[in-house]
Amino acid sequence: MTRAAGIDRLLANNRAWAAEVERTRPGFFAHLAKQQSPAYLWIGCADSRVPANEIVGLEPGELFVHRNVANLVHHADLNGLSVLQFAVDVLKVKHIIVCGHYGCSGVYAALRDTRLGVAEHWIRPVRDVCECHRQELDQLPTESARIDRLCELNVMQQVRNLCRTPIVQDAWRRGQKLALHSWVYGLADGLVRTLGPSVAGLKSFDELGASYLMRGAF
Ligand code: CO
């Protein structure tokens with residue numbers, strides 16, 4: 001069987017990268033192979049234009065990463081929840097970053113309400129966010145502006161969802177240091193915007209009620 005066109009380039013790139021890292025920092029991989037102790041969990045979109053480590057300048061071993069379409073935290077997603085639990089309970093990350101991005105195709109699909117097959121089930125929560133904020137979104141002048149605002153609102157909803165998980169609540173109850181951050185990334189300029197203050201140490205979800213997250217304002 002012949003390899004798909006272009007795949008050899010990736011393997012060559014990998015060999016060159018590994019050699020360069022080892023040349024500049026001998027023992028880098030041997031050290032990393034023994035353990036990982038990242039301080040951050042990244043929950044981001046699967047979009048190829050939003051590479052987690054590169055955006056924030058972190059190296060292998062520094063960022064625990066979970067990515068899916070539209071950077072969602074589903075309450076029954078075993079994949080995402082397994083990542084979250086491992087990151088919080090075992091790795092004891094100090095920060096969880098939910099990073100959306102402007103122009104997100106998953107968010108666009110949710111806004112347009114088109115038929116997508118099984119993917120509709122995945123992005124259903126984004127449609128719920130859209131319906132909750134329909135009045136605000138309808139007042140925006142262009143579809144592009146509506147998509148971008150929905151990208152922001154979606155990130156804040158996912159942080160709310162994180163606050164509702166027993167994993168995060170139990171961590172806060174036992175006094176573990178864990179802050180949640182709402183970010184959105186601009187494809188056009190490579191810059192991250194923070195959406196309001198970080199959330200940390202809530203004793204109950206009710207505490208979130210009066211915060212920016214619940215109002216959706218920042
Ligand atoms: Co996206």
Side-chain angles (χ1 to χ4, degrees), residues 10 38 40-58 62-84 87 93 95-134 136-138 140-165 168 180-196 198-199 212-213 216-218:
L10 273 59
Y40 313 93
L41 166 62
W42 174 279
I43 299 174
C45 185
D47 193 301
S48 66
R49 298 165 294 181
V50 194
N53 284 67
E54 285 92 332
I55 286 173
V56 288
L58 292 181
E62 295 186 302
L63 191 64
F64 203 59
V65 174
H66 177 72
R67 293 170 66 179
N68 60 47
V69 172
N71 40 269
L72 299 183
V73 177
H74 275 262
H75 288 298
D77 170 22
L78 284 180
N79 182 357
L81 293 174
S82 299
V83 169
L84 177 66
V93 297
H95 304 272
I96 302 176
I97 299 153
V98 177
C99 186
H101 66 99
Y102 293 128
C104 181
S105 301
V107 170
Y108 177 70
L111 188 70
R112 291 296 298 267
D113 210 14
T114 46
R115 290 261 82 84
L116 297 167
V118 72
E120 279 189 68
H121 296 280
W122 182 257
I123 61 166
R124 179 67 238 177
V126 189
R127 289 196 170 145
D128 293 340
V129 174
C130 184
E131 286 168 12
C132 281
H133 297 270
R134 176 62 73 187
E136 177 191 347
L137 292 168
D138 283 348
L140 295 171
T142 63
E143 185 171 61
S144 170
R146 285 191 284 280
I147 293 167
D148 287 351
R149 179 57 179 155
L150 187 52
C151 289
E152 295 174 346
L153 293 167
N154 180 50
V155 167
M156 289 186 281
Q157 182 59 48
Q158 304 320 308
V159 172
R160 282 187 210 110
N161 291 350
L162 279 175
C163 292
R164 288 186 170 110
T165 62
V168 168
L180 313 183
H181 310 275
S182 311
W183 290 5
V184 65
Y185 172 78
L187 295 176
D189 61 12
L191 295 174
V192 164
R193 285 86 170 156
T194 58
L195 304 175
S198 302
V199 182
Y212 82 103
L213 274 169
F218 52 87

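All residue numbers refer to positions in the sequence shown, counting from 1. Both ligands and their constituent atoms are indexed starting at 1 by order of listing.
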Rounded to the nearest 0.5 Å, what separates atom CG in Leu180 from atom CD1 in Ile96? 5.0 Å

Take the Co ion (ligand 1) as the centre and count protein N, O or S atoms at distances under 2.8 Å. 3

Would His66 and Asn79 count as a side-chain contact (heavy atoms from CB on, under 4.5 Å) here? Give the steps. CA-CA 9 Å; His66 177 72; Asn79 182 357; 3.6 Å; yes

Show the numbers, then the answer: is there a side-chain hydrogen bond (donor to acceptor under 3.5 Å, both in side chains) between Asn161 and Gln158? CA-CA 5 Å; Asn161 291 350; Gln158 304 320 308; 3.2 Å; yes

Could you check whether any side-chain heavy atom of Ile97 comes within less than 4.5 Å of a side-chain heavy atom of Trp42, counting everything from C-beta outward? yes

So, the side chain of Arg164 versus the backbone of His75: is there a donor-acceptor pair under 3.5 Å, distance only? no

Leu140 and Asp148, any side-chain heavy atoms less than 4.5 Å apart: no

